[in-house]
Every structure is written in C-alpha cells, then in structure tokens.
Amino acid sequence: MKCPFCGYTESKVIDSRPAEESTTIRRRRECLACQKRFTTYEIIERLPLVVVKRDGSRQSFDKVKLINGMVRACEKRPVSLGTLEEIADDIEQELQSNLEREISTVEIGEMVMGRLKNVDEVAYVRFASVYRSFKDINTFMEELTKLLTEK
C-alpha cells in the first residue's frame, strides 16, 4: 500500500476491524519510511451485473435506479427510505450470489414486487401498475382481486 504522504510502498497494519455492517474492513496503517498513519478500506470485489431491458438493450445494474423506482411507488406512504434501501440491498445481494451475470428487468421487477407486497400493498399496486403496464381499470381490478384473495 503506497503511503499518501511520502509515496513509500511499505506499511504495517496497526489495527484492523470490520466496518459498514461487516461488508468492508477498515485498516489503520503506518508508513515504514515516514511513520505517518493513514486508513484504508478493503471491500469485496463484486462482479458487474448487467440488466437486460425489455427492448434487448443492456446496461449496468444500478441500485440507485431501483431505489428511485420504489420511492416513486411509495410516495406519500408510510414506508421509510431505510426500508427501501434494505430491500435494494437484499435484491442486490441475491443477484450477486446468483451465478448469472445478466438479469432481466422482468426478474428484478418480480423481486421488487414480492418484497413491496409485504411492506405496503398500495406501493405494491403502484409499482405493479407501472411495471406491468396496466392498460385500463380492468387490469387494476384483476390485480386488486388477486391481492384480496391472497389475504
């Protein structure tokens, strides 16, 4: 690890501890040349996820876009941003642990709907209406009827 003060490439680790809910390691280091201390963070390298859209185009997975879509569905609903971030983290973790590097928007949408249904039914219906492109009131009624029969 290169010292940010003098550029020397040798340092020793003084302290090491988990950070950010044990997803990273915080290391306190001391340069062997100038004896100044600095902090580094070690994270797991994640393989890039590619999202295949309905039109066949591909783009990188973006957790912020996922959260923004859920925020729009949960507007004026009693759902905290923390809950939506947990859902997004959970979905991202599930996708990362999957062996597939490409995932369709259909699969991601189903994952979001499954989790929103347990958090807030109104947000679930809002998300489903955009995601499934409800064409008319009958499509809404079919989804609502399905939701009521599950209860």
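Values below: all heavy atoms of this structure, side chains included; hydrogens, waters and symmetry mates excluded. Since the model is a prediction, treat every value here as computed from it, not as a measurement.
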> For Arg17, does the CZ atom have more than 12 heavy-atom neighbours from other residues, nucleotides or ligands under 6.0 Å away?
Replying inline: no
> With a 4.5 Å limit on heavy-atom distance, are the side chains of Leu84 and Leu116 in contact?
Replying inline: yes
> Would you call Pro48 and Ser60 a side-chain contact if the rule is heavy atoms closer than 4.5 Å?
Replying inline: no
> Who passes salt bridge (charged side-chain N to carboxylate O under 4.0 Å, His left out) against Arg101, sequence neighbours left out?
Replying inline: none
> Under 4.0 Å between a Lys/Arg side-chain N and an Asp/Glu carboxylate O for Glu30 and Lys36?
Replying inline: no
>> Taking the basic N atoms (NZ, or NE/NH1/NH2) and the acidic carboxylate oxygens, is any pair closer than 4.0 Å for Asp15 and Arg27?
In response: no
>> Working to the nearest 0.5 angstrom, can you tell me the gap between Met111 CE and Glu92 CD?
In response: 10.5 Å
> Could you go step by step and tell me if Lys65 and Gln59 meet the side chain to side chain contact (heavy atoms under 4.5 Å, CB included) rule?
Replying inline: CA-CA 12 Å; Lys65 281 186 179 181; Gln59 65 183 54; 2.7 Å; yes
> Which heavy atom of Glu85 sits nearest a heavy atom of Ile67, and at what distance?
Replying inline: CG-CD1, 4.0 Å
> Is there a path of hydrophobic side-chain contacts, each under 4.5 Å between heavy atoms of I, L, V, M, F, W or Y residues, that connects Val50 with Ile108?
Replying inline: no
> Less than 4.5 Å apart, any side-chain heavy atom of Thr40 and any of Arg29?
Replying inline: yes
> Hey, are the side chains of Met1 and Phe38 touching, using non-hydrogen atoms and a 4.5 Å cut-off?
Replying inline: yes
> Does any non-hydrogen side-chain atom of Glu42 lie less than 4.5 Å from one of Thr24?
Replying inline: no
>> To the nearest 0.5 Å, what is the distance between CG on Leu66 and CD1 on Ile87?
In response: 9.0 Å
Tabulate below the donor-acceptor pairs under 3.5 Å that side-chain atoms of residues 70-78 make, not counting sequence neighbours, or state none.
from  : atom 1 : to     : atom 2 : distance (Å)
Arg77 : NE     : Asp120 : OD1    : 3.1
Arg77 : NE     : Asp120 : OD2    : 3.2
Arg77 : NH2    : Asp120 : OD2    : 3.1

> Is Val79 reachable from Val122 through a run of I, L, V, M, F, W or Y residues, each pair having side-chain heavy atoms under 4.5 Å apart?
Replying inline: no
> How many angstroms lie between atom OG1 of Thr105 and atom CD of Glu110, to the nearest 0.5 angstrom?
Replying inline: 10.5 Å
> Are the side chains of Tyr124 and Asn118 in touch, meaning some heavy atoms are under 4.5 Å apart?
Replying inline: no
>> Can a donor-acceptor pair be found, under 3.5 Å and without considering hydrogens, that links the side chain of Ser57 to the backbone of Lys53?
In response: no
>> Same cluster or not: Met113 versus Val119, using hydrophobic residues (I, L, V, M, F, W, Y) connected whenever any side-chain heavy atoms lie under 4.5 Å apart?
In response: yes
>> Would Ser104 and Glu107 count as a side-chain hydrogen bond (donor to acceptor under 3.5 Å, both in side chains) here? Give the steps.
In response: CA-CA 5 Å; Ser104 71; Glu107 292 174 74; 3.2 Å; yes
> Does Val13 belong to the same Ile/Leu/Val/Met/Phe/Trp/Tyr cluster as Tyr8, with side-chain heavy atoms less than 4.5 Å apart forming each link?
Replying inline: no
>> A side-chain contact here means heavy atoms from C-beta on lying under 4.5 Å apart; do Cys34 and Cys3 qualify?
In response: yes
> Measuring from Lys2:NZ to Ser11:OG, what's the distance to the nearest 0.5 Å?
Replying inline: 13.0 Å
> Are Ile91 and Val52 co-members of a hydrophobic cluster defined by side-chain heavy atoms under 4.5 Å apart?
Replying inline: no
> Any side-chain heavy atom of Ile25 sitting closer than 4.5 Å to one from Tyr41?
Replying inline: no
> How many angstroms lie between CZ in Phe61 and CD in Gln96, if you round to the nearest 0.5 Å?
Replying inline: 8.5 Å
> Atom NZ in Lys63, atom CG in Asp89: separation rounded to 0.5 Å?
Replying inline: 3.5 Å
